[in-house]
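Just follow the structure's listing: the first ligand is 1, and inside any ligand the first atom is 1. Keep in mind the model is a prediction, meaning the values are calculated, not measured.
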Amino acid sequence: MSSNSDMRPVGIFDSGVGGLSVLRAIRQQLPNESVLYFGDQVHVPYGRRQLTEVRKFSEAITRFLLEQGAKLIVVACNTASAAALQSLRRAFPDVFFVGMEPAVKPAAENTRSGVVGVLATPTTFQGALYASVVERFASNVTLLQDNCPGLVEQIERGALDDSETRTILESALHPMLDRGIDTVVLGCTHYPFVIPLIREIVGQNVRVIDPAPAVARQVARILDLTERAASPRSGTLRFFTSGEASRFEELLPRLFDETGEVWEVVWDNDEIRIK
Ligand code: DGL
């Protein structure tokens, strides 16, 4: 797919603000692409919902982003990718999708201690995608998993370094450190926003893997854009939230170094419309 003459925007979605970690990487690599970002904040967190429900949300959001003109959809959410990537590809056979999966492969290839920690949501751990990644790439390593209860909600509140957030991360990471991890895989797109805190807890000798740059490279490959264009960034950004636009606007500068128009949308049965 060549985007040189295709000025349509890239569509990105997540349950909330987590996908902004993927948007950040896409902006670094493809600064001239316009982007539509959708955060389904009325339904966040996705991580404790049924796979079928997340699938239904993902299909409706995809339909909405395509109606708004998206030329490609980035499922910037591990949970939605686990629940819906396959069914999205079946339901929209002409659309290019880029999804997320926990970066177990690079972790398994590079670990020296042979013990790797994975942080992701319960729904991601339950999905067939995670099982298949583990089966294909992690047969020779010990994987320790934790679903960090409450962490997504903390990040949605903008609480990136308060004591509650620290307690959640310490409860997950201390037992992993005791068992000798040398790598932590961030299997939820919200978690890169707490990397500074994670680094404080695990120290400098543990590698922390954020898959967002690899996902951005995959988007560039599909769009056939190999060159990183010079600044200033010419692509425009537009944000949609099913939560409150004012809250999203307040949170945005804490997580991301750019702004754009923020539009509030509402769910109307299984459809989404701009409020
Ligand atoms: N950001 C998400 C992920 O990558 C979803 C978190 C949630 O809504 O539970 O899994």
Could you list which atoms of ligand 1 come closer than 4.0 Å to a heavy atom of [X]?
| X | answer |
| --- | --- |
| Asn78 | 3 (C), 4 (O), 10 (O) |
| Thr121 | 6 (C), 9 (O), 10 (O) |
| Ser15 | 5 (C), 6 (C), 7 (C), 8 (O) |
| Val44 | 8 (O) |

message: Assess whether a salt bridge exists between Glu200 and Arg166, defined as any Lys/Arg side-chain N lying under 4.0 Å from an Asp/Glu carboxylate O.
response: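 Looking at Glu200 and Arg166, the cut-off is met.
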
query: Is Glu153 salt-bridged to Arg48, going by a charged N under 4.0 Å from an acidic O?
result: yes

task: May I ask you to identify, for Thr189, whether its side chain, its backbone, both or neither come under 4.0 Å of ligand 1 on a heavy-atom basis?
output: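 Both backbone and side chain.
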
task: Looking only at non-hydrogen atoms, find the nearest pair between Phe92 and Glu59 and report the distance.
output: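 Closest heavy-atom pair between Phe92 and Glu59: CZ-O, 3.8 Å.
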
Under 3.5 Å side-chain donor-acceptor pair for Thr189 and Ser21: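 Short answer, no.
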
query: Is it the case that Asn78 and Ser81 place a side-chain donor and acceptor less than 3.5 Å from each other?
result: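 The criterion, which ignores hydrogens and geometry beyond distance, is not satisfied for Ser81 and Asn78.
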
task: For the pair Tyr37 and Phe248, name the ring-plane relationship: parallel under 30°, tilted 30 to 60°, perpendicular over 60°.
output: tilted

task: Give me the ring orientation class for Phe256 and Phe239: parallel if the planes are under 30° apart, tilted from 30 to 60°, perpendicular past 60°.
output: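 Answer is perpendicular, since the angle exceeds 60°.
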
field: Min N/O separation Gly47 to ligand 1 under 3.5 Å
entry: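 Yes: some nitrogen or oxygen of Gly47 is under 3.5 Å from one in ligand 1.
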
message: Heavy atoms only: which of Asp14, Val22, Val152 lies closest to atom 6 (C) of ligand 1?
response: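 Closest candidate by heavy-atom distance is Val152.
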
- request: Would you mind checking which non-hydrogen protein atom is closest to atom 7 (C) of ligand 1, with the distance to 0.1 Å?
  value: Tyr46 N, 3.3 Å

message: Among all protein heavy atoms in this structure, tell me which lies nearest to atom 10 (O) of ligand 1, with the distance rounded to 0.1 Å.
response: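 Looking only at protein heavy atoms, the one closest to atom 10 (O) of ligand 1 is Thr79 OG1, 2.6 Å.
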
